[in-house]
There are 2 protein chains.
Amino acid sequence: MIQTRMTKQRAVILDALRHVTSHPTADEVYSMVRNKLPHISLGTVYRNLEYLSSSGTIRRLERAGQQMRFDGNMAPHQHIRCQGCGMVGDIFPPVELPACTKPNAPGFDVLSVDIEFVGVCHACQEKRQ
Amino acid sequence: MIQTRMTKQRAVILDALRHVTSHPTADEVYSMVRNKLPHISLGTVYRNLEYLSSSGTIRRLERAGQQMRFDGNMAPHQHIRCQGCGMVGDIFPPVELPACTKPNAPGFDVLSVDIEFVGVCHACQEKRQ
DNA sequence: ATGCCTGCAAAGCCTTTGCATCTGC
DNA sequence: GCAGATGCAAAGGCTTTGCAGGCAT
């Protein structure tokens with residue numbers, strides 16, 4: 001990617017993500033930034049989220065079957081996802097596998113581990129009672 | 001869900017998943033079973049995969065912003081996903097977090113951990129050279 | 001015989017993309 | 001000025017769903 005220009009749209013999107021801990025979806029980012037940029041398009045939001053995440057400025061949380069979510073916090077941490085509503089919370093500090101862990105993965109070169117927790121948020125717990 | 005009938009379609013889908021270690025996507029399952037049931041519809045495949053996974057007969061792998069994949073192997077194991085092509089391999093035995101691990105997840109009741117590895121499969125390694 | 005299940009096709013949802021225009025550098 | 005970026009809208013890919021008929025129990 002050759003994109004380098006800090007346009008108004010990109011700056012506002014990045015700023016919005018950094019001032020929030022809610023791990024918003026693309027359309028949530030879209031409505032967040034429309035307060036400041038009423039004419040921004042959803043396509044632009046997607047293009048910037050794609051650029052920012054693949055350049056390592058933000059994190060993309062991707063789970064198939066659900067929407068992608070984005071995180072402006074680059075400090076090392078993990079996530080927990082609510083089984084009921086999909087809401088994502090932060091786990092800090094991150095938990096680690098024992099240092100000596102070597103997964104048995106024939107046919108692959110292991111690059112990294114991805115640890116995510118599954119839980120129920122308080123709002124969804126109340127709904128269940 | 002009230003579905004209980006072992007239809008020909010459901011039996012063939014389940015059988016196909018159990019005789020394969022490739023973690024196929026829904027459309028891969030579709031083409032696998034069309035050998036035996038040429039007139040099966042993709043909708044039926046999706047409905048059965050949904051039923052079988054939510055009844056705990058098969059596993060649904062939903063991670064990484066790609067298509068859902070399905071796994072007929074219910075023995076405890078983990079997965080590694082190729083960064084390049086999305087292929088999924090098995091990790092056996094599963095690696096574990098230290099028994100005393102308690103993630104700091106304010107606002108959530110933790111239910112489980114989801115550990116997945118990221119790597120590169122041999123085919124994709126050769127492409128990169 | 002009943003109502004769960006299927007095939008077909010259309011719709012839904014999220015995301016990507018083509019194109020003309022605009023703008024940061 | 002020019003290539004990168006935008007807005008708009010259409011298209012794309014995967015998944016779900018409505019409906020009428022079919023089949024397992």
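Listed candidates were C:dC25, C:dT6, D:dT6. Nearest to the side chain of B:Gln9 is C:dT6. In this structure, of C:dT2, C:dG7, C:dG24, it is C:dG24 that holds the atom nearest to the side chain of A:Arg5. Here the side chain of A:Arg10 is nearest to one of D:dA5, D:dG7, C:dC4, namely D:dA5.
Regarding B:Tyr30, its OH atom lies at a distance of 14 Å from the P atom of D:dC14, rounded to whole Å. Nucleotide D:dT15 holds its P atom 10 Å from the CD atom of B:Glu62, rounded to whole Å. Residue B:Ile13 contributes atom CD1, which lies 12 Å from atom P of C:dC5 at whole-angstrom precision. Here the P atom of nucleotide C:dC5 and the OH atom of B:Tyr51 are 7 Å apart, to the nearest Å.
In the region residues 32-39 of chain B, proximity to DNA chain D at under 4.0 angstrom, judged on heavy atoms, holds for none of the residues.
The aromatic rings of B:His23 and B:His79 sit perpendicular, their planes meeting at an angle over 60°, well past the 30° parallel limit.
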Can you give me every donor-acceptor pair (side chain of residues 91-104 of chain A, partner residue at least two apart or in another chain, under 3.5 Å) with its distance?
residue, atom, partner, partner atom, Å
A:Thr101, OG1, A:Pro98, O, 2.6
A:Asn104, ND2, B:Phe92, O, 2.5

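Although no hydrogens or angles enter the test, the distance criterion places no donor-acceptor pair under 3.5 Å between the side chain of A:Asp15 and the main chain of A:Ala11.
Under the side chain to side chain contact (heavy atoms under 4.5 Å, CB included) rule, B:Val12 has a single partner from B:Met32, B:Lys36, B:Arg34, which is B:Lys36.
At the phosphate of D:dT6, OP1 or OP2 sits under 4.0 Å from a side-chain N or O atom of A:Thr7.
Every residue two or more places apart in sequence or in another chain that forms a salt bridge (Lys or Arg N to Asp or Glu O under 4.0 Å) with A:Arg60 is listed here: A:Glu50.
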For nucleotides 14-18 of chain C, list the nitrogen or oxygen atoms of the protein found under 3.5 Å from its nitrogen or oxygen atoms, one pair per line.
residue, atom, partner, partner atom, Å
C:dC14, OP1, A:Gln67, NE2, 2.9
C:dT15, OP1, A:Met68, N, 3.0
C:dT15, OP2, A:Tyr46, OH, 2.3
C:dT15, O5', A:Tyr46, OH, 3.1
C:dG18, O6, A:Arg47, NH1, 3.3

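The heavy-atom pair separating A:Leu17 from A:Pro24 by the smallest distance is CD2-CG, 3.7 Å.
Other members of a hydrophobic cluster containing A:Met6 are absent, since no ILVMFWY side chain comes under 4.5 Å of it, directly or through relayed contacts.
Rounded to 10 degrees, the angle between the two end axes of the helix from C:dA1-D:dT25 to C:dC25-D:dG1 is 40°, with five pairs used at each end.
Neither side chain, A:Arg47 nor A:Tyr51, offers a donor N or O lying under 3.5 Å from an acceptor on the other.
With rounding to the nearest 0.5 Å, the separation of CZ in B:Phe70 from CD1 in B:Ile13 is 10.0 Å. The CD atom of B:Gln125 sits 10.0 Å away from the CZ atom of A:Phe108 when rounded to the nearest 0.5 Å. The CZ atom of B:Arg81 lies 12.5 Å from the SG atom of B:Cys121; values are rounded to the nearest 0.5 Å.
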